[in-house]
Amino acid sequence: MPVTIGAPASSFANPIGLMSDCHRRIERFLEALTKVAAGAQGGSLDAEHRHALDASLKYFRHSAPKHTADEEEDLFPLLRNSERPELQPLMARVDLLEREHKKADGWHREVDEIGERWLQQDHLSPEETARLQELLTSLSDLYRTHLAIEDREVFPAAREALSRSEAVAIGRKMASRRGVLFVPEEAPPASL
């Protein structure tokens, strides 16, 4: 079960597209965790399972919180502060998404603790195995609807509502959060 995150289809110059790309990574890494938990059943980890577990735990520990910050610190505040009346009904959904982020964060911390113990001890107790599978099922259920709301409702509304300068500001903050130099895409040259 090789772990691949794939090349992003978007860049920081298209921050909404990049946030959607992050959703695909979340789905892939959660699927990898679920496959390891189901395949190894808390027992000894072969090299492939060990790699997949370690890479997935690292993703959710280091990268996923940056995605949450992209939304909660950059995108959602711009949407809330927008004077566009068509966005107002969406704000209840944004509030729900933020509550779900907190719930998912707690579950991810617990998955991380159990997963790290598994990596160190090379086995889990039956209780830990059951709890890990319960947490991964809960996360899968939450993300199924959570990501759909963002991808189908919030992100399309954001693409329509945000000005180019607001999108560039979000992209710049996202790049900074990751320690990457932001280079806005240049417009194609005008034909002569």
Side-chain angles (χ1 to χ4, degrees), residues 3-33 55-84 86-112 115 135-136 138-186:
V3 175
T4 56
I5 61 170
S10 301
S11 70
F12 292 110
N14 175 9
I16 305 302
L18 196 55
M19 287 181 201
S20 188
D21 293 345
C22 287
H23 288 175
R24 306 299 72 85
R25 287 183 199 83
I26 289 168
E27 291 166 339
R28 285 194 297 272
F29 279 112
L30 185 57
E31 181 181 1
L33 285 172
S56 298
L57 293 175
K58 285 178 181 170
Y59 173 80
F60 284 112
R61 188 181 315 126
H62 300 294
S63 298
K66 292 175 183 151
H67 170 74
T68 300
D70 295 338
E71 292 176 350
E72 291 188 354
E73 295 175 24
D74 302 328
L75 178 62
F76 295 168
L78 275 175
L79 294 176
R80 276 194 182 97
N81 294 330
S82 172
E83 295 184 17
R84 296 182 70 152
E86 67 271 17
L87 291 178
Q88 292 316 304
L90 193 61
M91 294 307 99
R93 298 295 249 177
V94 169
D95 293 341
L96 168 70
L97 295 169
E98 288 180 325
R99 288 191 303 275
E100 288 179 346
H101 286 163
K102 288 175 183 40
K103 185 184 293 187
D105 287 346
W107 289 340
H108 278 298
R109 278 192 297 278
E110 196 172 348
V111 166
D112 191 64
L135 288 163
L136 293 173
S138 295
L139 282 164
S140 294
D141 291 345
L142 181 140
Y143 280 129
R144 189 173 300 108
T145 57
H146 181 96
L147 299 180
I149 290 168
E150 290 182 346
D151 285 333
R152 294 181 190 149
E153 297 177 39
V154 176
F155 292 172
R159 279 187 189 97
E160 290 292 318
L162 298 178
S163 68
R164 180 69 190 138
S165 64
E166 288 170 324
V168 167
I170 290 174
R172 190 177 308 282
K173 289 177 185 176
M174 288 173 68
S176 175
R177 190 172 283 119
R178 290 158 179 80
V180 175
L181 179 64
F182 176 78
V183 180
E185 293 178 357
E186 293 182 23

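Quick caveat: nothing in here was measured; it's all calculated off a predicted structure.
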Polar side-chain atom of Ser82 near backbone of Leu78 as donor-acceptor pair, under 3.5 Å: no
Exercise: identify the closest heavy-atom pair between Pro15 and Ala167: CG-O, 3.2 Å
SB check Glu31 Arg28 (cutoff 4.0 Å): no
Side-chain H-bond candidate by donor/acceptor type, His67 with Glu71, under 3.5 Å: yes
Distance in Å, His108 NE2 paired with Tyr59 OH, rounded so as to fall on 0.5 Å steps: 9.0 Å
Cationic N near anionic O, under 4.0 Å, Arg80 to Asp95: yes
Spacing of CZ belonging to Arg177 relative to CZ belonging to Arg172, to within rounding of 0.5 Å: 13.5 Å
Asp105/Lys102 ion pair, N-O < 4.0 Å: no
Charged N-O contact under 4.0 Å between Arg93 and Glu153: yes
Beyond-backbone contact of Leu139 with Leu33, side-chain heavy atoms, under 4.5 angstrom: no
Flag side-chain contact, heavy atom, 4.5 Å: Phe60 against Ile26: yes
pair Asp151-Arg24: side-chain heavy atoms closer than 4.5 Å: yes
Least distance between heavy atoms, Phe155 atom then Ser20 atom: CE1-N, 3.7 Å
Leu75 side chain reached by Val94 side chain, heavy atoms, under 4.5 Å: no
Rounded distance [0.5 Å steps], CG in Leu162 versus CG in Leu87: 8.5 Å
Verdict with reasoning, Arg144 to Asp141, per salt bridge (charged side-chain N to carboxylate O under 4.0 Å, His left out): CA-CA 5 Å; Arg144 189 173 300 108; Asp141 291 345; 3.0 Å; yes
Minimum heavy-atom distance between Ala161 and Glu166, given as atom pair plus value: O-OE1, 4.1 Å
Check: Asp70 and Arg178 side chains under 4.5 Å, non-hydrogen atoms: yes
Ile16 side, atom CD1; Arg159 side, atom CZ - distance, nearest 0.5 Å: 6.5 Å
Beyond-backbone contact of Glu160 with Glu86, side-chain heavy atoms, under 4.5 angstrom: no
Shortest non-hydrogen contact between Leu90 and Ala157, atoms and distance: CD2-CB, 3.6 Å
Nearest-0.5 Å distance, CZ of residue Phe76 to CG of residue Leu97: 5.0 Å
Distance in Å, Leu96 CG paired with Lys103 NZ, rounded so as to fall on 0.5 Å steps: 8.5 Å
Positive for side chain to side chain contact (heavy atoms under 4.5 Å, CB included) with Met174, one of Lys66, Glu73, Met19: Met19
